[in-house]
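Data first, discussion second: the structure below is written as structure tokens.
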Amino acid sequence: MAGSAPTISFFNSSSLYCNRAFENFKPSRTFDKRFSFTCFSSKKKQLGFMDQILDYIEGGPKLRKWYGAPDILPKDEIESGENESLEEDEVKDAVLVTDGDNEIGQMIILSLIVKRIRVKALVKDKRIAMEAFGTYVESMAGDTKDKAFLKKALRGVRAVICPNEGFLYNLESWKGIQHVILLSQLSVYRGSTGIQAVINSNARKLAEQDENLVKASGVPYSIIRTGALKDTPGGQQGFCFDEGSAAKGSLSKEDASFICVEALDNVPLKGLVFEVINGEEKVSDWKKCFATLMDSSSGEA
């Protein structure tokens, strides 16, 4: 129909997961006038929810204008912005995702964008990241062993989400960070035997190292120990938080990314360590769920 608002349809095997990701989405006035959302299931086209969100974000300059985001800056403008003083005062309202190239890291980034949270991400190729996420994400490429680069990456950051192991070893100063969320597969690595244990030996060392560092940091932390991460649709299964479950069970990557984002709004006083896999328990109130986990966790597991 002429003059009607275009509709963005997100196909997913679970409309529940689609609705869950959009429950806190508050579009700008301009965006609200131009678009309407339709979220529904489709047995004919089983595209992942995160893929659909990425397609939406990659809609180009016109879609970004409808949404209200600024245009992508030319290369020279981007580089000039990088030369600004690192000492400039800045409100700490950003969330840093330490691996924007990692599959789960990208899922986390997309969920943060939907929640209209300021996102910074460490990537290998800044240009590719700009083409994918536009100005929704402050993509940064550099050597994480470089103190100056890390200082710049942490400017304006209130929380850090680590979708994999290995980043925290390079972090010398935790100043200004209010919450660290670490997705850990330490339980899986410890439960490995035979040749698999040999294959996972280095990853296990990095995971143990990161957990020990974050526990000694003095910064509130949430260590999410998952079971084996699987490429299965999120939002379709329940969960199990029993101690010892992660060594034997599995968790959807989409569910893992979702839990990381939910953890942002549930900061422990000191530390929280818990295991999670897909199971039978349905969670409708994540604030209550995290409160229960905090009550039962010593943060020293």
Side-chain angles (χ1 to χ4, degrees), residues 10-26 37 39 41 46-57 95-100 102-117 119 121 133 136-137 159-164 179-185 187-188 221-241 245-246 249-268 272-294:
F10 295 97
F11 296 85
N12 187 268
S13 55
S14 171
S15 59
L16 171 63
Y17 194 81
C18 183
N19 291 334
R20 181 171 70 177
F22 275 93
E23 62 186 2
N24 295 319
F25 181 65
K26 297 179 181 179
F37 285 92
C39 300
S41 301
Q46 298 288 345
L47 292 181
F49 171 68
M50 291 300 176
D51 289 334
Q52 292 299 323
I53 292 290
L54 188 55
D55 287 344
Y56 151 57
I57 291 175
V95 174
L96 175 66
V97 179
T98 61
D99 190 345
N102 173 278
E103 184 179 1
I104 295 179
Q106 292 177 356
M107 292 179 184
I108 291 170
I109 289 171
L110 297 174
S111 295
L112 293 174
I113 291 172
V114 170
K115 283 178 169 284
R116 302 181 73 85
I117 293 174
V119 186
F133 298 114
Y136 292 105
V137 178
V160 175
I161 300 180
C162 304
N164 54 13
H179 190 196
V180 177
I181 299 167
L182 175 62
L183 193 65
S184 172
Q185 290 195 78
S187 295
V188 176
Y221 61 86
S222 298
I223 297 176
I224 305 169
R225 289 182 181 167
T226 73
L229 295 168
K230 301 292 185 180
D231 291 312
T232 54
Q236 292 190 339
Q237 304 178 68
F239 301 93
C240 174
F241 301 95
S245 61
S250 63
L251 180 68
S252 160
K253 291 180 180 179
E254 288 188 356
D255 284 335
S257 66
F258 178 83
I259 294 172
C260 286
V261 175
E262 286 298 311
L264 277 175
D265 297 323
N266 297 276
V267 184
L272 169 64
V273 181
F274 67 92
E275 297 183 33
V276 58
I277 59 172
N278 284 126
E280 300 298 324
E281 182 181 342
K282 300 295 183 181
V283 180
S284 58
D285 187 336
W286 281 95
K287 184 175 182 179
K288 182 178 179 181
C289 178
F290 270 95
T292 301
L293 291 170
M294 289 176 197

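Note that this is a predicted model, so its numbers are computed, not measured.
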pair F290-I259: side-chain heavy atoms closer than 4.5 Å: yes
Interatomic distance, M294 atom CE to S222 atom OG [nearest 0.5 angstrom]: 6.0 Å
Go through it in stages, so that I can follow the logic: the residues are I224 and F274, the test is side-chain contact (heavy atoms from CB on, under 4.5 Å), and I'd like the CA-CA distance, side-chain angles, deciding distance and then a yes or no. CA-CA 6 Å; I224 305 169; F274 67 92; 3.6 Å; yes
Heavy atoms, side chains only, cut-off 4.5 Å: are N278 and Q236 in contact? no
Measure the shortest side-chain to side-chain distance between K115 and D265 over non-hydrogen atoms and say whether it is less than 4.5 angstrom. yes
Flag the pair T292 / F241 as yes when at least one side-chain heavy-atom distance between them is below 4.5 Å, and no otherwise. no
Evaluation steps, side-chain contact (heavy atoms from CB on, under 4.5 Å), between N164 and I104: CA-CA 9 Å; N164 54 13; I104 295 179; over 6 Å; no
For the student: nearest non-hydrogen atoms of A121 and G100, plus distance: CB-CA, 4.4 Å
The reported gap from CD1 in I161 to SG in C260 (rounded to nearest 0.5 angstrom) is 6.0 Å
Please identify which of these residues, T98, I108, D99, meets the side chain to side chain contact (heavy atoms under 4.5 Å, CB included) condition with C162. T98
Look up atom CD1 in I223 and atom CG in L182, then write down how far apart they are to the nearest 0.5 Å. 5.5 Å
Side-chain heavy-atom pair F133, V119 within 4.5 angstrom cut-off: no
Correct closest heavy-atom pair for A246 and V188 would be O-CG2, 3.7 Å
Got a second to check how far E262's CD is from C289's SG, nearest 0.5 Å? 9.5 Å
Is the closest side-chain heavy-atom distance between P268 and H179 below 4.5 Å? yes
Check P163 against N102 and note the closest heavy-atom contact, atom names and distance. CB-OD1, 3.9 Å
CD of E280 to SG of C240, rounded to nearest 0.5 Å, is 9.0 Å
Rounded distance [0.5 Å steps], NZ in K253 versus CD in E103: 4.0 Å
Audit row: V114, Y136, side-chain contact (heavy atoms from CB on, under 4.5 Å) steps and yes/no: CA-CA 10 Å; V114 170; Y136 292 105; over 6 Å; no
What is the minimum heavy-atom distance between Q237 and T232, and which atoms define it? NE2-OG1, 4.4 Å
Atom of D255, atom of G235 and distance for their closest heavy-atom approach: OD1-N, 2.9 Å
Using the side chain to side chain contact (heavy atoms under 4.5 Å, CB included) rule, pick out the option among V273, L251, V276 that qualifies with R225. V273
Any heavy-atom pair between the side chains of L264 and L112 that's under 4.5 Å? yes
Less than 4.5 Å apart, any side-chain heavy atom of F239 and any of I277? no
Work out which heavy atom in G105 is nearest to a heavy atom in V97; give both atom names and the distance. O-CG1, 3.9 Å
